[in-house]
Participant: 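Before we start, here is the structure in question, set down as structure tokens.
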Amino acid sequence: MTARLDSLLKQVNAAAREVVAAIQDIDSRIAALNEKRQGIGEAPVNRAEFLSYIGTSIDQKIGRFGAEKEREMVNMPTAFFALEGAAPSMKFLSPSFAPVTISEEACYFYLKPMILARMAEIAEGLDFPEDSIPVEKRREMIAVIDIEITKLRTERAELASQLQKAGVVR
């Protein structure tokens, strides 16, 4: 082998080692970002945010019931003579299309304030951090981390692709 070829091979090997080291560095940075992301996600929320999530859960259980009751009320007559002559015909405990006496959605719709009050009483006995990162801030932090991870993965894929194109790896 000529000295020139030997020198070129050494340069190729050195370049490949440098690219592999860059890929390993990117992998380490991605791992650190994933660990940070996990820490943000696994940290407990404060009491108020916890109760807010319970409220959201109740709202999901209510479904369209509340909107249907609102729609029924909008369509009800409000004139004195119309109301004086006959009581409003509205199914308060079931959707208008359901033949049941009372629906689960109705229970959640009407009892939500009491359910939340009881859950708040229970939550008083639970240990919540007062200095937790607010939920919206967490979402922002995680979004920033996700963007950075995506960029790093793209960079890593480009470097790996270059190694393959150069025939250094398969």
Side-chain angles (χ1 to χ4, degrees), residues 1-71 95 97-98 103-109 111-113 115-170:
M1 183 180 319
T2 67
R4 178 165 160 55
L5 285 178
D6 188 43
S7 173
L8 287 174
L9 286 173
K10 285 180 182 177
Q11 289 175 13
V12 168
N13 285 331
R17 280 193 301 276
E18 206 171 308
V19 172
V20 168
I23 288 172
Q24 290 171 339
D25 178 59
I26 290 171
D27 287 343
S28 295
R29 289 166 50 199
I30 290 172
L33 286 168
N34 277 324
E35 189 175 316
K36 182 177 180 181
R37 184 184 195 282
Q38 196 67 23
I40 293 167
E42 289 180 356
V45 298
N46 65 37
R47 184 174 282 104
E49 289 169 333
F50 177 75
L51 292 170
S52 176
Y53 279 106
I54 289 177
T56 299
S57 175
I58 293 170
D59 289 340
Q60 290 170 349
K61 291 177 187 330
I62 291 170
R64 296 187 328 250
F65 185 87
E68 185 174 323
K69 296 299 127 192
E70 184 177 333
R71 193 170 39 259
F97 59 84
S103 71
E104 183 179 359
E105 293 86 0
C107 291
Y108 286 115
F109 178 73
L111 298 176
K112 179 182 177 181
I115 293 170
L116 283 175
R118 182 64 182 124
M119 293 297 105
E121 288 174 17
I122 294 168
E124 283 300 319
L126 303 176
D127 188 27
F128 286 95
E130 296 305 320
D131 61 343
S132 68
I133 301 169
V135 167
E136 285 304 315
K137 178 76 173 160
R138 287 178 201 244
R139 288 184 183 127
E140 291 170 13
M141 293 168 71
I142 289 171
V144 168
I145 290 170
D146 287 346
I147 289 168
E148 183 63 22
I149 288 172
T150 299
K151 287 179 187 176
L152 288 170
R153 286 184 176 150
T154 300
E155 185 180 336
R156 184 195 192 287
E158 289 171 3
L159 288 172
S161 174
Q162 291 300 322
L163 282 177
Q164 287 176 332
K165 285 179 186 176
V168 177
V169 295
R170 290 185 185 191

Participant: Between the side chain of Ser161 and the main-chain N/O of Ala157, is any donor-acceptor distance below 3.5 Å?
Facilitator: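 Between the backbone of Ala157 and the side chain of Ser161 there is no qualifying donor-acceptor contact (under 3.5 Å).
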Participant: Without swapping roles, check the side chain of Ser52 against the backbone of Ala48 for a donor-acceptor pair under 3.5 Å.
Facilitator: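 A pair under 3.5 Å: no.
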Participant: Are the side chains of Asp59 and Ile62 in contact, using a 4.5 Å heavy-atom criterion?
Facilitator: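 Touching, per the 4.5 Å side-chain cut-off.
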Participant: Hey, does the Lys NZ or Arg CZ of Lys69 hover above the aromatic six-ring of Phe65, less than 6.0 Å from the centre and inside 45° of the axis?
Facilitator: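 Cation-pi check for Lys69 and Phe65: passes.
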Participant: Looking at Glu121, I want to see if its CD is surrounded by more than 12 non-hydrogen atoms of other residues, nucleotides or ligands under 6.0 Å.
Facilitator: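 Yes.
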Participant: For the side chain of Arg153 and the backbone of Ile26, is there at least one donor-acceptor N/O pair under 3.5 Å apart?
Facilitator: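 Checked: no pair found.
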Participant: Does any part of the side chain of Leu163, heavy atoms only, come nearer than 4.5 Å to the side chain of Ile23, both counted from C-beta?
Facilitator: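 Ile23 vs Leu163: side chains touch.
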Participant: Can you find a pair of side-chain heavy atoms, one from Ile145 and one from Ile40, that are under 4.5 Å apart?
Facilitator: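 Of all side-chain heavy-atom pairs linking Ile40 with Ile145, at least one is under 4.5 Å.
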Participant: Please examine the side chains of Arg47 and Glu124, heavy atoms only from C-beta on, and report whether any two atoms are closer than 4.5 Å.
Facilitator: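 Yes, close enough: below the 4.5 Å cut-off.
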Participant: Are more than 12 heavy atoms from other residues, nucleotides or ligands located less than 6.0 Å from atom CZ of Phe50?
Facilitator: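 Open.
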Participant: Could you tell me whether the side chain of Ser57 and the main chain of Tyr53 form a donor-acceptor pair under 3.5 Å?
Facilitator: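 Pair absent, no side-chain N/O of Ser57 close to backbone of Tyr53.
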Participant: Got a sec, which residues hit ring-ring contact (aromatic ring centres under 6.0 Å, His included) with Tyr108, two or more places apart in sequence or on another chain?
Facilitator: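 Not a single residue meets the ring-ring contact (aromatic ring centres under 6.0 Å, His included) criterion with Tyr108.
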Participant: Using a 4.5 Å cut-off on heavy atoms from C-beta on, say whether the side chain of Ile149 contacts that of Arg29.
Facilitator: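 No, too far: nothing below the 4.5 Å cut-off.
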Participant: Is it true that a side-chain atom of Glu49 and a backbone atom of Val135 form a donor plus acceptor pair closer than 3.5 Å?
Facilitator: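 Checked: pair present.
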Participant: Quick one, Lys151 and Glu155 - any side-chain contact, counting heavy atoms below 4.5 Å?
Facilitator: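 A side-chain contact under 4.5 Å is absent here.
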